[in-house]
Asker: 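This is the structure I have questions about; it appears just below.
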Protein chains: 2
Amino acid sequence: MTSSKTDLRVIRTRKLIMDAFIALSSKKEFKDITVKDITTEAMINRATFYYHFEDIYDLLEKVLSEVLLINLNDDFLHHNELNEGAFLILFKAITNFQKSLSNRCHRGYEETIARIIREQLEIIFYKMLVKQNAASENGALKMTAVILSWGIYGASIEWRTSNQEMQPEEFIKPVIPYLLAGIDGQHKNE
Amino acid sequence: MTSSKTDLRVIRTRKLIMDAFIALSSKKEFKDITVKDITTEAMINRATFYYHFEDIYDLLEKVLSEVLLINLNDDFLHHNELNEGAFLILFKAITNFQKSLSNRCHRGYEETIARIIREQLEIIFYKMLVKQNAASENGALKMTAVILSWGIYGASIEWRTSNQEMQPEEFIKPVIPYLLAGIDGQHKNE
DNA sequence: TTTGAATTGTTGTTTATACAACACTTTGAA
DNA sequence: TTCAAAGTGTTGTATAAACAACAATTCAAA
């Protein structure tokens, strides 16, 4: 741990900016939000914004991945085994996240959001896979993580566009055996 | 106007501290709130607290007078004549303020609060009186303001301790003619 | 197309705030 | 009572953030 505590001002300012952005997102569409809007709401100087974030897209990315990670960390990372229950919790978290997004009017940025979600999923899957098979070859685990992340993300899109009335659990449950089989299969090939 | 704009950081920090204090006040009693509690909630350093406020009583005083002033400014200072309607609005604002205080568990500090309310009332009455009779002697107006502020404050205490079911308006209405007569009487003596 | 206003990024200087350390007081339990 | 823990209030130094000014884009309206 290189725990060189970050300055309280940095933590506070980041929080103020992110909170301001989230608050604004529920009032306007993303494309209508300017940096000045955010800094005014957050009560910080505009130059300070650029001290913390490259631009407004960088902020979007960090807010989204943080919200998603909070969604996950709470009830996922404790059950650290990649079994049926884990997939159910994970899929539910993603669909919840997407519901909260659509409430916040982030339309028109699906591509950015998609990339962020998928990247986060890949990171999570990879961590879980490494934890479970420390011995396996790294490249193979990475590839498995890639495939799982795209697959699960795609499933969540499918759920969102067609079957929102169906519960996420029942939506994903039928394919979980297939996913697990893939992981196990890879196992045996090592 | 000596409008040497105050630094945005000062405004923001004061707001963070006051908001944190108000938030804590709805969870704990005043006597159980420490400076550390406030600064933690506000995400500021403890030393910064002392840069802005002498101590926790100073903060209490400033929060209370600010809340009261907001209560008043909104619907009072626009009707800038000291007639029956003005007294009604003013009395209603004070009783509202006292209700919000008791919700926030500030018991045990009635004396401090009383002083703050009365001082604010005196300031307001004095301003109104000066506006209405610019020609009159200053000392007499000040004395009138003192008497009115103690009187109205006392009436609000009387209302609070005995008759909370009665509407503030009907409670104060009967004595307003007397108050107005006093003001007019003073007028004629000039 | 041109113009003017709004927005984006950036930089140098000043200042408010974080941090750590300190002595002192208050509090509560052994 | 005695002791440890928690709270108060202060100070010197390091640094994040405010501010003002700037050039460069973007964009809507004339």
Side-chain angles (χ1 to χ4, degrees), chain A residues 1-25 27-64 66 105-109 112, chain B residues 1-25 27-64 66 105-109 112:
Chain A
M1 284 283 178
T2 54
S3 65
S4 56
K5 278 179 200 167
T6 48
D7 195 306
L8 178 55
R9 284 172 289 189
V10 172
I11 300 171
R12 188 213 308 135
T13 301
R14 288 223 170 97
K15 180 172 159 50
L16 286 173
I17 292 174
M18 289 185 166
D19 287 351
F21 177 67
I22 289 173
L24 284 174
S25 296
K27 292 178 210 151
K28 301 185 187 188
E29 291 199 32
F30 178 77
K31 71 175 174 52
D32 297 326
I33 298 175
T34 69
V35 174
K36 186 70 198 147
D37 291 337
I38 296 167
T39 57
T40 302
E41 174 89 15
M43 295 184 79
I44 58 138
N45 192 277
R46 201 164 56 81
T48 307
F49 176 92
Y50 292 103
Y51 180 87
H52 292 280
F53 302 97
E54 289 214 350
D55 52 30
I56 206 171
Y57 300 98
D58 183 37
L59 170 63
L60 173 67
E61 174 158 341
K62 284 175 177 153
V63 168
L64 291 185
E66 188 158 295
C105 303
H106 278 300
R107 277 150 230 145
Y109 284 84
T112 308
Chain B
M1 285 283 180
T2 53
S3 65
S4 56
K5 277 179 201 166
T6 46
D7 194 306
L8 178 55
R9 283 173 289 188
V10 172
I11 300 171
R12 189 213 307 135
T13 301
R14 288 222 168 97
K15 180 171 159 51
L16 287 173
I17 292 175
M18 289 186 165
D19 286 351
F21 177 67
I22 290 173
L24 285 174
S25 296
K27 293 178 208 151
K28 300 185 187 190
E29 292 199 32
F30 178 76
K31 70 176 175 50
D32 296 327
I33 298 175
T34 69
V35 174
K36 186 68 198 151
D37 290 337
I38 296 167
T39 58
T40 302
E41 173 89 15
M43 296 184 80
I44 58 138
N45 191 277
R46 201 164 55 83
T48 307
F49 176 93
Y50 291 104
Y51 181 87
H52 292 280
F53 302 96
E54 289 214 349
D55 52 31
I56 206 171
Y57 301 97
D58 184 37
L59 170 63
L60 173 66
E61 174 159 340
K62 283 173 178 155
V63 167
L64 290 184
E66 189 158 294
C105 306
H106 278 299
R107 279 151 230 147
Y109 283 84
T112 308

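Predicted, not measured: the structure shown is a model, and the values here were computed from it. In the text below, chain A, chain B and the rest are named by the order of the sequence lines, each starting its count at 1. All values below were derived from every heavy atom in this structure, side-chain atoms included, with hydrogens, water molecules and symmetry-related copies excluded.
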Asker: Return each pair, listed once, that meets salt bridge (Lys or Arg N to Asp or Glu O under 4.0 Å) where at least one residue sits in residues 12-25 of chain B; pairs must be two or more places apart or across chains.
Answerer: Lys15(B)-Asp19(B)
Asker: Apply side-chain contact (heavy atoms from CB on, under 4.5 Å) to Leu16(B) and Met43(B), showing your working.
Answerer: CA-CA 8 Å; Leu16(B) 287 173; Met43(B) 296 184 80; over 6 Å; no
Asker: Which pair of non-hydrogen atoms, one from Leu59(B) and one from Met18(B), has the smallest distance, and what is that distance?
Answerer: CD1-CG, 4.2 Å
Asker: In this structure, how many angstroms lie between the C1' atom of dT15(C) and the CG atom of Asn45(A), rounded?
Answerer: 13 Å
Asker: Where is the tightest heavy-atom contact between Ile38(B) and Ala20(B), given as atom of each residue plus distance?
Answerer: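 For Ile38(B) and Ala20(B), the tightest heavy-atom pair comes out as O-CB, 3.7 Å.
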Asker: Between dA18(D), dA16(D), dA18(C), which nucleotide gets closest to the side-chain atoms of Ile44(B)?
Answerer: dA18(C)
Asker: Could you pull out the protein-nucleic contacts involving nucleotides 6-10 of chain C (nitrogen or oxygen on both sides, under 3.5 Å)?
Answerer:
from, atom 1, to, atom 2, distance (Å)
dT8(C), OP1, Val35(A), N, 3.4
dT8(C), OP2, Val35(A), N, 3.3
dG9(C), N7, Arg46(A), NH1, 2.9
dG9(C), O6, Arg46(A), NH2, 3.1

Asker: Can you list every side-chain hydrogen bond (donor to acceptor under 3.5 Å, both in side chains) pair that touches residues 35-49 of chain A, not counting sequence neighbours?
Answerer: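 Found Lys28(A)-Asp37(A), Thr34(A)-Asp37(A).
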Asker: Between dA18(C) atom C1' and Phe49(B) atom CZ, what is the distance in whole Å?
Answerer: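 Nearest whole value for this atom pair: 17 Å.
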Asker: Look up atom CG in Leu60(A) and atom OG in Ser25(A), then write down how far apart they are to the nearest 0.5 Å.
Answerer: 8.0 Å
Asker: Output all residues satisfying side chain to side chain contact (heavy atoms under 4.5 Å, CB included) with Tyr51(B), sequence neighbours left out; order by chain, then residue number.
Answerer: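 For Tyr51(B), no residue satisfies side chain to side chain contact (heavy atoms under 4.5 Å, CB included) once neighbours in sequence are set aside.
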Asker: Whole angstroms only, please: what is the CG-C1' distance between Asp7(B) and dT15(C)?
Answerer: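 The distance from CG of Asp7(B) to C1' of dT15(C) comes to 7 Å, rounded to the nearest Å.
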Asker: Phe49(B) and Ile44(B): which non-hydrogen atoms are nearest, and at how many Å?
Answerer: N-CD1, 4.0 Å
Asker: Over its full length, what angle do the end axes of the helix from dT1(C)-dA30(D) to dA30(C)-dT1(D) make, each axis taken from five pairs and the result rounded to 10 degrees?
Answerer: 50°
Asker: Look up atom CZ in Phe30(A) and atom CZ in Phe21(A), then write down how far apart they are to the nearest 0.5 Å.
Answerer: 5.0 Å
Asker: Just how far, in rounded Å, is C1' of dT17(C) from CD1 of Ile17(B)?
Answerer: 11 Å
Asker: Just to verify, which of Thr13(B), Thr6(B), Asp7(B) counts as forming a side-chain hydrogen bond (donor to acceptor under 3.5 Å, both in side chains) with Arg9(B)?
Answerer: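 So, applying the side-chain hydrogen bond (donor to acceptor under 3.5 Å, both in side chains) to Arg9(B) and each of Thr13(B), Thr6(B), Asp7(B), only Asp7(B) qualifies.
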Asker: For Lys31(A) and dA28(D), what is the distance between atoms NZ and P respectively, to the nearest whole Å?
Answerer: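 About 10 Å, once rounded to whole Å.
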Asker: Just how far, in rounded Å, is P of dT8(D) from CZ of Phe53(B)?
Answerer: 15 Å
Asker: Which residues pass the salt bridge (charged side-chain N to carboxylate O under 4.0 Å, His left out) test with Asp58(A), sequence neighbours left out?
Answerer: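 Asp58(A) satisfies salt bridge (charged side-chain N to carboxylate O under 4.0 Å, His left out) with Lys62(A) only.
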Asker: Under 4.0 Å from any atom of DNA chain C, heavy atoms only: list the residues of residues 8-15 of chain B that qualify, in numerical order.
Answerer: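 Result for residues 8-15 of chain B: Arg9(B), Val10(B), Thr13(B), sorted by number.
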Asker: For Met43(B) and dA16(D), give me the distance from atom CE to atom P, rounded to whole Å.
Answerer: 15 Å
Asker: Would you kindly give the OH-to-P distance between Tyr51(B) and dT11(D), to the nearest whole Å?
Answerer: 14 Å
Asker: Would you tell me if any nitrogen or oxygen in the side chain of His52(A) comes within less than 4.0 Å of OP1 or OP2 on dA16(D)?
Answerer: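 It does not, given that no N or O in the side chain of His52(A) lies less than 4.0 Å from OP1 or OP2 of dA16(D).
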